[in-house]
Structure formats: structure tokens, C-alpha cells
Amino acid sequence: MAVRSALFVPGSRSDRIPKALASGADAVIVDLEDAVEPAAKPAARQALVEFLDAHPEARVWVRVNDATTAWHEDDLAALRGKPGVAAIMLPKAESAAQVEHAGQGVPVVPIVETARGMVNLAEVAAAPGVALLAYGSLDYGVDLGLTPGTEAAAVLLDQARGQVLLHSRAAGLPAPLDGVHPDIADADGLRAMAARAGEMGFSGMLCIHPSQVETVHAALRPAQADIDWAQRVLAAARENGAGAFRFEGKMVDAPVLARARQVLSRAAVDAA
């Protein structure tokens, strides 16, 4: 299943993990990195371990601290062998070696959010154990010194989105996740960002609040007119058999049929 929403919950608030798991998000990310201040990181790590031990049925992703920090190895050591860790989310991923070291049998979701990570994107995407890529647009903008909210910044951020999409496809990975919309109260902005991410080819977005999940899912669902078209064109293909044919005034061939199947897949409609 494509990941439409991956919801962050602070590692320092393990009491919020059950609510996050009940939010309807496709994945829940317990965050040991940005959401936890340095002095609280050991306690947050321990709280997560205790939660996983007490709730063996729970499955979460865990965003560990990045490979350059003093907490990285301790995070990985604490999580080794925990069946509740469905994936390791690796921030500021910049090399295949970092990805392989973080995984060691556990799927890894690298976050591409630095210039070095973007330059080395091909090797990061192709590293063994990568489940899918995520794009950290906020950190990437900071790393490049972009001015947030400007047209110039938007151009460069979209160029990077294109690279994440391109290398995901080239490496045979599922569609990647776009970055967060930081304004929790701005539902319209979130809806527009999620719809645009879907139009670009992203599977979904990273979310920072449970209230964002439903909005993202709704925005990613294809319009009913597109679903109806896809169902009609596939029905016509079954009637016409193999090869190209004329349908509603337009030619239909293999790429058009593939697009119709993609629409129905995104809409979770059975195309059979």
C-alpha cells in the first residue's frame, strides 16, 4: 500500500503514541530528533523502548538522530531487535553507508534534506533496505539558504522534489513522501500542498498533527470525474481487446490504460 500520511509524534510524549496510532495515518513516526531537546533525548529513547515493550502489537517508524550526532548510535542500539520498529527514518541521509548502517535488517526511510544528500541521491535511493524516500523541504531550504515563502525558493524546492521523484523511480522504490506543512491551522494550504504533491507523483506527505491526516487523504484522492473516466476506459479496453482504440474522441493505448489503472489504485478502487 502506498503511504499517504506519516504522522510524527514526539518521542518525549510516548503517551501520545496510542492517539497517533488511532489517527488513521498510514504510518506513525516516533521522533527522537527535532521534536526532542538535547537534554531530554536519553529519557525519550528510554520511554519509547518501554512503550514498545508494553505494547507488542504496536508498529511504528522511528526517526533517529542523524549519523553525525552523539545520539545516533545509542538510538540504533536501543531499537535493535524491537519488532515494533517497522522502519528506521534516517534524517539528513547522505550516503548508502549511513543507510545500510541504520537498517541492518530493518527497512529504512531516508529523509533527503541536505545539499550533500541531494548530490548523493542516486546512491542513497539504491542502498539496500530502503523502503521509500522522504523529502525534508524545510531543512533543505535552510541548508541552501533559501528565503521561505518566496517564488525563488519555491523553484529550487520543486527542482529537488523532481530529483527525489526521479531517483525513487529509477531505484524501483515506491513513490516518495513530500515534506510537512508547518502551519497546523492552515487547512486550505495543507489541502493545496497535498493535492499538488499527488499531482507531482508523491504518494503522500509527512504530517505533524493528527488533524492533518484526514485532510491529506482527501486531497490525494482523485476527483470523482477522473475515477469515472478510468473505470469507463478500462471497461472499453476489455470490450475492444488488445491494441489501440478510439474512446470518447481520443486515442487509447498502453500509456493511457496505465494512467487509468494508476487513478484507480490511488482511489483504492478495484480495477478488476
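What you see is a predicted model; the values in this text were computed from it and never measured.
S203 approaches A175 most closely through the heavy-atom pair OG-O, 3.3 Å. For the residue pair P210 and S23, the shortest heavy atom distance occurs at CB-CB, 4.2 Å. V233 and F245 make their closest contact through O-CZ, 4.1 Å (heavy atoms, listed as atom of the first residue, atom of the second, distance). The shortest non-hydrogen separation linking G179 to S137 is CA-OG, 4.0 Å. Residues V109 and A131 share a closest heavy-atom pair of CG2-CB, 4.3 Å. Looking at every heavy atom in both residues, C207 comes nearest to Q212 through CA-OE1, 3.5 Å.
Here the OG-CG distance, from S5 to D26, works out to 4.0 Å after rounding to the nearest 0.5 Å. In this structure, OG on S168 lies 9.5 Å from CG on L177, to the nearest 0.5 angstrom. Separating the CG atom in L76 from the CZ atom in R45 is a distance of 9.5 Å, to the nearest 0.5 Å. Note that CE of M193 is 12.0 Å distant from CG of D183, once rounded to the nearest 0.5 Å. A distance of 11.5 Å separates CG of D34 from CD1 of I208, quoted to the nearest 0.5 Å. Atom NE2 of residue H181 and atom NE2 of residue H209 lie 13.5 Å apart, to the nearest 0.5 angstrom.
Put simply, the side chain of N240 gets close to the backbone of A236: a donor and an acceptor are under 3.5 Å apart. Counting only distance, with no hydrogens or angles, the side chain of R221 and the backbone of A267 share a donor-acceptor pair below 3.5 Å. No side-chain donor-acceptor contact under 3.5 Å links K92 to the backbone of E113. For the pair Q98 (side chain) and E94 (backbone), a donor-acceptor distance under 3.5 Å is present. Using a distance-only test at 3.5 Å, with no hydrogens or angles considered, a donor-acceptor pair links the side chain of T150 to the main chain of A153. Under the 3.5 Å distance criterion, the side-chain polar atoms of D31 are matched with a main-chain donor or acceptor of A35. Under the 3.5 Å distance criterion, the side-chain polar atoms of Q104 are matched with a main-chain donor or acceptor of H101. With E123 contributing its side chain and A96 its backbone, the two residues share a donor-acceptor pair below 3.5 Å.
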* To do: Check the pair R116, D143 against side chain to side chain contact (heavy atoms under 4.5 Å, CB included), reporting the backbone distance first and the verdict last.
  => CA-CA 10 Å; R116 188 181 297 275; D143 196 37; over 6 Å; no

* Test side chain to side chain contact (heavy atoms under 4.5 Å, CB included) on W229 and F247 and set out the steps. => CA-CA 11 Å; W229 166 84; F247 174 74; 4.3 Å; yes

* To do: Give the C-alpha distance, both sets of side-chain angles, the deciding distance and a yes or no for side chain to side chain contact (heavy atoms under 4.5 Å, CB included) between M200 and R196.
  => CA-CA 6 Å; M200 280 185 165; R196 188 168 182 269; 3.4 Å; yes

* **D66 vs H72, side-chain hydrogen bond (donor to acceptor under 3.5 Å, both in side chains): CA-CA, chis, key distance, verdict** => CA-CA 6 Å; D66 77 74; H72 182 70; over 6 Å; no

* Asked: Stepwise, does the side chain to side chain contact (heavy atoms under 4.5 Å, CB included) test hold for I29 with V62?
  -> CA-CA 5 Å; I29 310 163; V62 181; over 6 Å; no

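For the pair M118 and Q163, the minimum side-chain heavy-atom distance is below 4.5 Å. Counting only heavy atoms from C-beta outward, the side chains of R161 and F202 approach each other to under 4.5 Å. Contact check for V130 versus L173: side-chain heavy atoms found under the 4.5 Å cut-off. Taking the side chain as every heavy atom from C-beta outward, V164 and L121 approach each other to under 4.5 Å. Counting only heavy atoms from C-beta outward, the side chains of D253 and V256 approach each other to under 4.5 Å. In this structure, E33 and D75 have side chains that are not in contact, with every pair of non-hydrogen atoms separated by 4.5 Å or more. Side-chain contact between L7 and L206: absent, with no pair of heavy atoms (C-beta onward) separated by less than 4.5 Å. Between R266 and Q262 the shortest side-chain heavy-atom distance does not fall below 4.5 Å.
No path of Ile, Leu, Val, Met, Phe, Trp and Tyr side chains, each step under 4.5 Å between heavy atoms, connects I184 with M205, placing them in separate hydrophobic clusters. Taking hydrophobic clusters as Ile, Leu, Val, Met, Phe, Trp and Tyr residues chained together by side-chain heavy-atom distances below 4.5 Å, V9 does not share a cluster with V3. Residue L190 is grouped with residue L220 when hydrophobic side chains (ILVMFWY) are merged at heavy-atom distances under 4.5 angstrom, including chains of intermediate members. Tracing side-chain contacts under 4.5 Å through hydrophobic residues (I, L, V, M, F, W, Y), one never reaches I88 starting from V49; they form parts of separate clusters. A single hydrophobic cluster is not seen to contain both L138 and L157; linkage of ILVMFWY side chains at heavy-atom distances under 4.5 Å, directly or through other members, places them apart.
Between F51 and H55, the angle of the ring planes stays under 30°, which puts this pair in the parallel group of the 30/60° scheme.
Other residues, nucleotides and ligands place more than 12 heavy atoms under 6.0 Å from the CD atom of Q224. Counting heavy atoms of neighbouring residues, nucleotides and ligands inside a 6.0 Å radius, atom CZ of R232 exceeds 12 of them.
Of the residues listed (L32, I111, V30), the one engaging R63 in a side-chain contact (heavy atoms from CB on, under 4.5 Å) is I111, and it is the only one.
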